[in-house]
There are 2 protein chains.
Amino acid sequence: MLVCQGDVVAAALPTTGGVIIAHSKSSKEPRDTLNRERVLRAAVDLADECGIESVTMRELGRRLEVKAASLYNHIAGKDDLLGGMVDLALSEIDVPTDGVFWKETLRRRAISARQVFARHRWAAGLIDSRDRTGPNSLAYVDRVLGVLIGAGFSPSAAANAFLVLDSYLYGFERQRPDVSIEDGLERTEVAREILAAIPDGGYRYAARVAIEYAENPFDQEAAFEFGLGLILDGLERSLG
Amino acid sequence: MLVCQGDVVAAALPTTGGVIIAHSKSSKEPRDTLNRERVLRAAVDLADECGIESVTMRELGRRLEVKAASLYNHIAGKDDLLGGMVDLALSEIDVPTDGVFWKETLRRRAISARQVFARHRWAAGLIDSRDRTGPNSLAYVDRVLGVLIGAGFSPSAAANAFLVLDSYLYGFERQRPDVSIEDGLERTEVAREILAAIPDGGYRYAARVAIEYAENPFDQEAAFEFGLGLILDGLERSLG
DNA sequence: TTGACATACTAACACTGTTAGTACATTCTC
DNA sequence: GAGAATGTACTAACAGTGTTAGTATGTCAA
């Protein structure tokens, strides 16, 4: 059940998290008040279900059965909220720590990151350098740098490799076409739209590619791993 | 002279573009009314000088000596405005068409794109797949695909290569640290802040890298071209 | 001159993030 | 236990946002 605008049902039912705010006198239970963690999780859920533009203080408050102003007891402001959401999302990325070869470790990490960005489609667009200081993000950065330095990269070379890898990662997620999500019929429809938007005569190559994708589905997983392999191979080569 | 908030001086002086709106009766001159092009250019200037968050309808109107509502005669809405700004910025990217080797062509294009993103720091953050349908963007996409197909890539391989390259391009610009912009003193200051934010004991590798950059400046141009070379070499290898 | 059209205007709408001040419940201190 | 202190959520309001409806004004073509 998705509740994306302020429906009455949202106020009549328990929250998604299952924690009821009603002031039941049965004490000893975990506090029925808000906290930073619950606010951030609710914001992430809201963004996942309804899009990042639906994450407003009032809507978030509605979900938590609280007025918007109350949220400021637990977060510093909207910037803090968004930063916390990113940090929470990044914490879901898996960095294997068992003894696999560094290249395989980083490949798995990248694929895990891509899955996280697929789950939280708003995340990639929110990331920039200043977000890397959250507690989860820092731990994540540290682990990846550890893998690279352990593989023989110097500290600065490791940072460089990390930057290159994540640039690709975030950039891919930002601009990847949404086409492949829809089914075949709609895909050809989109391609036809693209073709319709192309003035006669011009854009021969773009048209050729559009036709290509109107006929054959675009495998974005394969496209991603193709580029990922390119970069990892290059990093390995730069190491020797 | 930067005028970023609604100062009175903005209304007393001619606009940056040098076009005076005053209703001078000397006719036959180019119309003194607005048009889409002038609105978009003013928005780009405003974003360059004051940041993308300063681009509001009212502020943009103030710059053009017009009320906000009047802008809607020339653009469909804010989405259209932002899309047009991105299209305008992308049109500044250079794609050499003379007979140089495809790899060199794409390298030059990437470097040109990075310079454009440095000029228009807001642009990379605004780009996503749906923005590629503007007239300038389409022409740009077409030229790049033409280079790749001309080099021997199949249409789908060319699209894939294009996606990988631009993912890196946009991603790098999004997350590149601002540190290197400030001078040496401030840089070490920033590094010290990072170190201060790191809890004792944890994050050994991140700390090591931070120290590294507190001592030696970070050459982001070199970092960018390192990753670019990696990808281009990989693409060439995938071709043969 | 008249009519059509494009443009810019005023005024208002429903939103947004955010703050000040108040009421209430819990928890700590004596 | 009584009283103080703290934390939480509330109401009400602020300035700012994008956007629309309706109105005036100017510029062209017939």
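Every heavy atom of this structure was used, including side-chain atoms; hydrogens, water molecules and symmetry mates were not.
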[X]: partners by side-chain contact (heavy atoms from CB on, under 4.5 Å), with sequence neighbours left out:
X        : result
A/Asp166 : A/Arg109, A/Arg132, A/Tyr140, A/Phe162, A/Leu169, A/Tyr170, B/Gln175
B/Ala158 : B/Leu145, B/Leu148, B/Ile149, B/Phe153
B/Glu37  : B/Asn35, B/Arg41
A/Ala76  : A/Asp80

For [X], which residues count as a side-chain hydrogen bond (donor to acceptor under 3.5 Å, both in side chains) partner, sequence neighbours excluded?
X        : answer
A/Asp142 : none
A/Ser70  : none
A/His120 : A/Asp48, A/Glu92
B/Asp94  : none

| request: Check whether the ring centres of A/Tyr168 and A/Phe224 lie less than 6.0 Å apart, and answer yes or no. | output: yes

| task | Nearest 0.5 Å please: distance from the OG1 atom of A/Thr56 over to the CD atom of A/Glu59. | result | 5.5 Å

| Sequence-aligned protein contact record of nucleotides 12-20 of chain D, with B where the base is within under 4.0 Å of a protein heavy atom and S where only the sugar-phosphate is | -B---BBBB

Rounded to whole angstroms, how far apart are [atom1] on [X] and [atom2] on [N]?
X       : N      : atom1 : atom2 : result
B/Ile75 : C/dA8  : CD1   : P     : 12 Å
B/Leu60 : C/dA8  : CG    : P     : 12 Å
A/Asn73 : C/dC24 : CG    : C1'   : 13 Å
A/Leu81 : C/dG17 : CG    : P     : 9 Å
B/Arg36 : C/dT7  : CZ    : C1'   : 17 Å
B/Leu34 : C/dA6  : CG    : P     : 16 Å

| remark: Between its two end axes (five pairs each) the helix from C/dT1-D/dA30 to C/dC30-D/dG1 turns, nearest 10 degrees, through 10°

| query | How would you list all residue pairs meeting disulfide bond (SG atoms under 2.5 Å apart) that involve residues 52-81 of chain A, not counting sequence neighbours? | reply | none

| query | Distance check: side-chain N/O of B/His74 vs OP1/OP2 of C/dA6, anything under 4.0 Å? | reply | no

| request: Give a yes/no on whether any side-chain N or O of B/Ser70 is located under 4.0 angstrom from OP1 or OP2 of C/dC9. | output: yes

Under 3.5 Å, which N/O atoms of the protein pair with N/O atoms of nucleotides 22-24 of chain D?
none

